[in-house]
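Just below is one structure, and these are the notes that go with it.
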Amino acid sequence: MDRIRIRGGHPLKGEIPISGAKNAALKLMAASLLTADPLNLANVPRLADVRAMAELLMSFGVSIQVNMSPGLGEGDLMKLQARQITSVFASYDMVRKMRASFQVLAPLLARQGEAKVSLPGGCAIGARPVELHLSALQAMGAKIDLAEGYVTATAPGGLKGAEIVFPFVSVGATETAMMAASLAKGVTKIVNAAREPEISDLGNCLIAMGAQISGLGSSEITIEGVASLHGADYRVMPDRIEAGTYAIAAAIAGGEVELVGAAPETIASLSSLLVKSGAEVSATARGLKVRMNGSRPHAGDVTTAPYPGFPTDLQAQIMALMVVADGTSVIREKIFENRFMHVPELARMGAQIRIDGDTATVRGVEKLKGAPVMATDLRASVSLVLAGLAAEGETLVSRVYHLDRGFDRLEEKLSRVGADIARVSE
Ligand code: EPZ
């Protein structure tokens with residue numbers, strides 16, 4: 001199995017192209033089920049999760065063509081066409097491998113009036129139930145049966161617009177409600193909707209496909225259902241988590257990096273924290289520049305929250321920075337109940353971290369020492385790569401398949417700005 005080897009201590013200098021957002025692309029791909037016409041997506045990142053979603057969609061009869069771009073800078077073009085849906089079944093095997101597969105439930109139901117999709121079950125970062133998705137569909141008139149680990153949803157007479165009030169913010173459930181409502185009869189109001197930029201990306205793509213949606217980016221989204229949607233050309237938004245990860249890479253390794261294609265407004269909570277920690281962060285015509293002059297970062301406290309708060313998907317990475325900061329930081333994880341799996345691995349490199357429930361107290365150390373470490377999930381694994389950039393000696397990160405799920409050609413992007421990083425096979 002492959003591992004990533006990092007030899008720390010090299011400042012970074014140059015440009016890193018930012019890919020299209022995984023968590024937008026996967027839902028945009030699922031939205032192709034809503035129309036018989038082609039949906040042409042540009043700036044699609046090259047990721048294992050994108051391939052898994054493509055495989056799932058093809059099992060429903062969706063035809064998919066990909067034009068791979070030659071360089072790192074421009075994402076791939078993907079043409080998806082669900083001319084005829086030949087199956088509405090998503091197996092446990094597919095959904096277990098990638099939870100985002102569950103997002104096919106709403107578009108299949110909305111277009112075909114039925115779907116049978118495996119319940120995802122828990123994952124490394126938490127239990128992650130889906131009852132909000134199901135109650136939203138029920139509010140729109142769907143009949144939901146749960147048996148043998150599967151959700152069977154039917155709506156023979158079609159879905160109907162409804163007022164959906166979420167008790168707390170869920171990205172996935174908001175997307176489920178939006179996709180279902182686009183083809184429902186009448187008006188749907190989603191109250192306490194998620195405001196993540198990926199929600200707006202999905203909404204804007206649905207609008208390009210003919211949906212009637214207002215309130216994107218706010219916590220109240222209104223959708224007037226239409227009888228059918230049509231094809232569209234749409235460009236996937238830049239990945240704010242990838243951009244944030246490389247911004248932290250520059251801060252932890254020192255140097256100056258321009259994140260070309262990044263959307264600075266989507267990572268404002270991180271940028272202000274990086275500035276407090278001593279980095280210079282500035283928007284440029286092409287993205288975002290991050291500079292750290294080689295001095296030790298200052299400690300800072302972080303609490304994860306739904307957008308526009310600090311993203312849980314950057315919590316592990318910011319912890320890697322705080323591990324080498326001057327002072328003590330308190331990091332609170334408020335979205336997922338088990339998202340500190342990187343802590344014991346960081347400790348193997350010399351980090352001083354105490355965990356108490358949802359709170360990690362990090363006492364910054366002057367130096368980390370490279371070590372063999374193990375990735376447990378996507379964002380945890382990249383935090384180990386970041387720690388490796390700052391550590392003395394060699395860090396070997398195993399279970400690299402986690403990284404490949406969500407970081408497009410990570411070692412290529414980091415080595416082109418001067419990191420000593422390589423994929424090694426055993
Ligand atoms: C999305 O997951 C992202 N995944 C996650 O990124 C991200 O961490 C998360 O949003 C929060 O920003 C994709 O977009 C594919 P939620 P999602 O529903 O939609 C609870 C990554 O690394 N909840 O907003 O599943 C849930 O357990 C991944 O790329 C319920 O209790 O997140 C969590 O505690 C990891 N019942 C909280 O809500 C429900 O029915 C927020 O989850 C739904 C959610």
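All ligand and atom numbering here is 1-based and tracks the order in the structure. Predicted model only: the values in this text are computed from it and were never measured. Count residues from 1 along the sequence.
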Thr312 heavy atoms, cut-off 4.0 Å: which ligand 1 atoms fall inside?
8 (O), 11 (C)

Atoms in ligand 1 flagged as close to Lys27, the criterion being non-hydrogen separation under 4.0 Å
13 (C), 14 (O), 15 (C)

By salt bridge (Lys or Arg N to Asp or Glu O under 4.0 Å) - contacts of Glu198 (at least two apart)
Arg240

Apply salt bridge (Lys or Arg N to Asp or Glu O under 4.0 Å) to Asp201 and list each qualifying residue two or more places apart in sequence or on a separate chain.
none

Return yes when atom CZ of Arg5 has more than 12 non-hydrogen atoms of other residues, nucleotides or ligands closer than 6.0 Å, and no otherwise.
yes

Atoms in ligand 1 flagged as close to Val130, the criterion being non-hydrogen separation under 4.0 Å:
39 (C), 40 (O)

For Arg339, the ligand 1 atoms whose distance to one of its heavy atoms is below 4.0 Å:
8 (O), 22 (O), 35 (C)

Considering only heavy atoms, which of Gly172, Pro129, Gly309, Ala173 lies nearest to atom 44 (C) of ligand 1?
Pro129

Tell me which part of Glu337 gets within contact of ligand 1: side chain, backbone, both or neither, using heavy atoms under 4.0 Å.
neither

With a heavy-atom distance limit of 4.0 Å, tell me whether Asp313 approaches ligand 1 through its side chain, its backbone, both, or neither.
side chain

So which bit of Val171 gets within less than 4.0 Å of ligand 1, heavy atoms only: side chain, backbone, both or neither?
both

What are the atoms of ligand 1, with element, lying closer than 4.0 Å to any heavy atom of His133?
40 (O)

If you take the nearest heavy atom of each of Arg99, Glu175, Arg379, which one is closest to atom 22 (O) of ligand 1?
Arg379

Under 4.0 Å from a heavy atom of Lys22: give me the atoms of ligand 1 that qualify, with their elements.
21 (C), 29 (O)

